[in-house]
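Encoded as structure tokens, the structure appears first; notes follow it.
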Amino acid sequence: MAPGTLSGLLQKGAIWGFIVLELIFFSVAGEFLSLSDKAFMDLDNMLLLLKQSAPIGIIAMGMTIVMINGNIDLSVGATFALAAIVLLDSMTWPIFAGLGDGVIPVAMALALLTGIVLGAINGFIVWKTGVDAFIVTLGAMLGYRGLVFMYNGEQPTSHLNWTLVDLAEAQPLGLHVATWALLIVTVLAWLVMTRTVHGRNAYAIGDNREAAVNAGIRVGPHMMLNFMGIGFLAALSAVVFYSESGSVNPNDGELYELWVITAVVLGGTKLTGGAGSVISTLGGVIAIQLLRKGLGHIGADTETVNLVIGLILIAVLFLDRQLNIKGKEALKA
Amino acid sequence: MSDATPALRLDGIVKTFPGVRALDGVSFSVLPGEVHALMGENGAGKSTLMKVLGGIYQPDEGQITVSEVPVVMRSPLEAKAKGIVFIHQELSLATELSVAENIYLGELPRKSFGRVDWATLNARTNEILSRLKVGFGPGDRVGDLSIANQQMVEIARALTVDAKAVIFDEPTASLTDAEKVVLFDVIADLKKDGVGIIYISHRMEEIFRITDRISVLRDGQYRGTLETAKTNEEEITQLMIGRKLDLSRSEATHALGDVALEVRGLTVKGLYEDVSFEVRKGEVLGFYGLVGAGRTEIAETLFGLREPSAGTIHLNGEEVRIHSPADAIARGISLVPEDRKGQGLVLGMNCRDNMTLPQVDDLTAGPFVADGAEIAIFDQYRDRLDIRTPGWKQQVGNLSGGNQQKIVIGKWLSMHPDVLIVDEPTRGIDVGSKSEIHNLIRALAAQGYAVIVISSEMPEVLRVSDRIVAMYSGRIMRTFTAETVTEDNLIQAISGIAASAETAA
Amino acid sequence: MSETTDTGGTRAQGAREGRMSGLSKEKIGGILARQGILVAFVLFMVGFALANQRFIAPDNVLGVIRSSAILGVMALGVTFVVISGNLDLSVGSMMSFSTIVVLDLHDQIGPALAIPAMFGLTLLIGAVIGFLVGYLRLNSLIVTLGMLSAIHGLTLTWSGGQNMDIADKEGTWFSVFGQGSVLGIPVPILIFAGLAVVLGLILAKTPFGRKVYAVGGNGVAATFSGVRRARVVFMCYLASSFCVATAGLIQASRSLGSQNTVGQGMELEVLAAVILGGASLLGGSGTIFKTVIGVLILGFIKNGLLLVGLQFYVQYTVTWVIIILAVWLDIAAKRGRLWSPIA
């Protein structure tokens, strides 16, 4: 066995092991502490958990690809909010008045298009200016948030379309629509990253950009495509979430970028790019949601969740380093 | 030979940058089945020429011809498509991906929906790997391969196209001798297939071993082509630097002082074992051996960068324990590291700040750094080491390799160390500066410094050392004095031949 | 033979001419790269001043600087962290913590004890981060991301999820840090300016400052030169948390009451100011002076837009454009071409 394989395996499986530990812990602790009579691993509870994972999870799939690619996107929260506004508001536009419920796919398409365009802007700037994606999307996080506010001032934007709400609350084959969206996006992202030329090139670029350039991969358009992808997914996440809630505040989606990155990093994607897995990201997303629900289940305050997630993130980083360290052979520099 | 159609011909290639005429009418041709060395000092235009050939730069004037077809290349991909392939000095691989994915990087075979056609990919890869007779498969992760095997992956990449010319840029820089032999076999195979090969290297022995002709660049200009069989080292060097080079060894005439550093049974598990030696004041102790023999690791241990698992270190007769570079510096040990840009210098800082960095805590007036004292130190060592720089404000990254190395040496001399360790003193430094640095090392010894020189270049280690420690696979095989050393027994010692003899005895 | 000499001569001449024109170009590029942000700042101020006279009225200018002081003080500390080659995303959340803690302790143990206690606790958190990033060598982005969340949790736990208010808002001298003024200059400005001078001198003139640049420029080379990298990084995080505590003090003193989330989102605004000032996220470059300019630009943009009748949120979008333009022109000047070489 080649060196590093063991720690590699551990890393790949670790997030699922962690999820199992969480399940056991909260089930057992819940027996003693829980105020409700319901078991933690109740089917409805788990289905709800998956549904609640969807908004962050869908974006996290895009973030995984972008981070494997060697970039990062801090603007997803603002994109999420802007797409939500477009979704809800466009249904009230006079030009679509004659469409009836036919406005729903139109509004969805417009929202998704918004996400793609915002992603494309980020990607284009990264490509053409050569400014680091961290800075470009940090700026865009502010800039797109400004657009969100400009749309409707500090007022919330609301529109409830009951057909849309029914659609969003449906549970085909027992799973919520949001859960289906998350699962389908995960499978598609997994197929793209493991089976397609684009996905393999994404790994190559993140791993060794210079080599990819020398091999003739058009890195600029490739990265732009990935930014369009994450923009699309941020918008999709908004479509899934706001179809049901019907109202968006201009501050919605704030700090989403941080939650998403936390999930991706918990899933083991390297910050420097070149390595990571979509499936492990799903694990990271579920692990965080499980923690939130689990702490609530055992009666812990909601504020504890933040504390625990923060500490776990640092602990994961620490363990990862310990697994990879080469002991005394290591150079102290 | 002139009757054959050249695989690659350059005619009057000119490339200018603002302020520099980097290439000034370079013309030569490479024949099919020929290994053609390209030589020149750093800054002579080799790398610019390579970038022109690789499609990264477009020439301002001149014509490149591949097999009598004029070509224009606007990107690396186009260059490759025209049959010009590079084996880069710094490996250009994605280490997390498989061998097959790396070989066909940028050209993965596709199926519908943009899917990778793995069957075709692996079949093609297997075919190429079998030509190279390597011991790894298409699915292996490149990061798990040895450096030599990674280089084979690069070479396999060259074989995916109908290569007319393959350019090797310092390919042996990090290879062991055994691995070099495999590489040279592959080059011989390419030669047999009628590929034209450009071979870039500073290492004379390799040039004479495998090349057919040698073209030399100086100051961006083509200086001529020599037939390897009919020339010698001196002629090449003269063509490269435009003057005669003094390669003679300056004899040590000074007396040696007390033992400055004594190492007994030093061991770092997995890297080297039971290493004992001593260095006297006024002496240059050379460490010679292959890459990976443990020489650099010994230096790093002495400098507090590694924890020894056993053994003792005595400085001026007193036992010391060194846990960090700061410890080492405080005790009078200095290290000029092998990786100048990575370990020796902060390239974005200016010359003065780099030079005074280890002692900046002591160069203060009140709470602040004393500018005057710093500049005085810089001026002193600039003059003493003849560092050519417009001034102390110059960013170190803008200096030539030789001047950068002098900054590093100046940094440590200004600390007045008892023991100066110099690891690969002239790596990546042009021929002219090399001899300057060699003379400097001898001069330092004459002034009473105890100097350890680690080198992979035999002429260098022979030239500067009073005694030579030969290492093989983490052990000291033998210590030679100037009287006992010959090239033959040095080579035997570092390649482990003496080891088997010793165990037999 | 004569032919060779001839070409040599032409070549040398060509090179000399080329070098001269190159030098002047380089000089212009260099000035732009070094002082571009300052030039932009001046142009910006002149533009807005022409559009609206009130913009450069002394009370307006003081008002802008005063309202930038909290962000500014935090940016001073983050400048140290960024130059040392790391990030600090936890400052916003940490500022909320400081504010809540000092307000809570104010009524329990009195301001004279509350302030040092709050500084102690904030520095302790800074020391934890410094230990994780400096001594354990963990990735600073993730560590501070985790700390952002963890400190937020800590703040909520401390406050029990409630807003924090001082009981006797009229009768406390505590309000002096946020609301007081000396010789007509508001105290927050004095704190900001004083801290900027002290930290600026430390960074530019002391051995420690030199080592911060060395560690950020090339940490390995710094270690090979005997610099104790871990200690330097640790100290940078301490400096950052000290600045955060000061910002929390100003914030608390100004409002004498606060939500748990008062600093939320500021980490990225602070980073924006530091980047706008021209510090590279790779480390090794940036100055306190430039960061102050970055902070002021953000403050004046906000103010200028308000004065010409635009809403506060327009500044977000304007800031976006300015940050990207600033960084883009900076790297364009360094690489000598406007557009990226990425294919």
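The model shown is predicted, which means the values in this text are computed figures rather than measured ones. Letters go in sequence order (proteins before strands), and every chain restarts at 1.
Only the side chain of C/T319 comes within contact range of chain A, with heavy atoms under 4.5 Å apart. Both the backbone and the side chain of C/L136 have a heavy atom closer than 4.5 Å to some heavy atom of chain A. Only the side chain of C/I275 comes within contact range of chain A, judged by heavy atoms closer than 4.5 Å. For C/Q315, no part lies near chain A; criterion is any non-hydrogen pair under 4.5 Å. For chain A, no part of C/L282 is nearby; none of its heavy atoms comes within less than 4.5 Å.
Considering CG of C/L132 and CG of A/L317, their distance stands at 8.5 Å, rounded to 0.5 Å. Annotation: the span from A/L307 atom CG to C/L154 atom CG amounts to 6.0 Å, rounded to 0.5 Å. Considering CG of C/L281 and CD1 of A/I135, their distance stands at 4.0 Å, rounded to 0.5 Å. With rounding to the nearest 0.5 Å, the separation of CG in C/L148 from CG in A/N306 is 9.0 Å. Between C/L268 atom CG and A/L142 atom CG the span is 7.5 Å, to the nearest 0.5 Å. Summarising the geometry, atom CG belonging to C/L87 is positioned 5.0 Å from atom CZ belonging to A/F134; distances are rounded to the nearest 0.5 Å.
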Could you check A/T262 against C/L145 for side-chain contact (heavy atoms from CB on, under 4.5 Å), going step by step and ending with a plain yes or no? CA-CA 8 Å; A/T262 304; C/L145 189 59; 3.9 Å; yes
Start with the C-alpha distance between A/L138 and C/I323, add both sets of side-chain angles, then the distance that settles side-chain contact (heavy atoms from CB on, under 4.5 Å), and finish with yes or no. CA-CA 9 Å; A/L138 172 65; C/I323 285 180; 5.6 Å; no
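Chain C forms the most heavy-atom pairs under 4.5 Å with one residue out of A/T304, A/I309, A/V305, A/L255, and that residue is A/L255. Residue with the most contacts toward chain C among A/H222, A/M141, A/K128, A/M223: A/K128 (heavy-atom pairs, distance under 4.5 Å). Residue with the most contacts toward chain A among C/T157, C/V318, C/I331, C/L138: C/L138 (heavy-atom pairs, distance under 4.5 Å).
In this structure, A/F149 and C/Y313 have parallel ring planes: the angle between them is below the 30° cut-off, well short of the 60° mark.
No donor-acceptor distance shorter than 3.5 angstrom exists from the side chain of C/S340 to the backbone of A/T129, with no hydrogens or angles considered.
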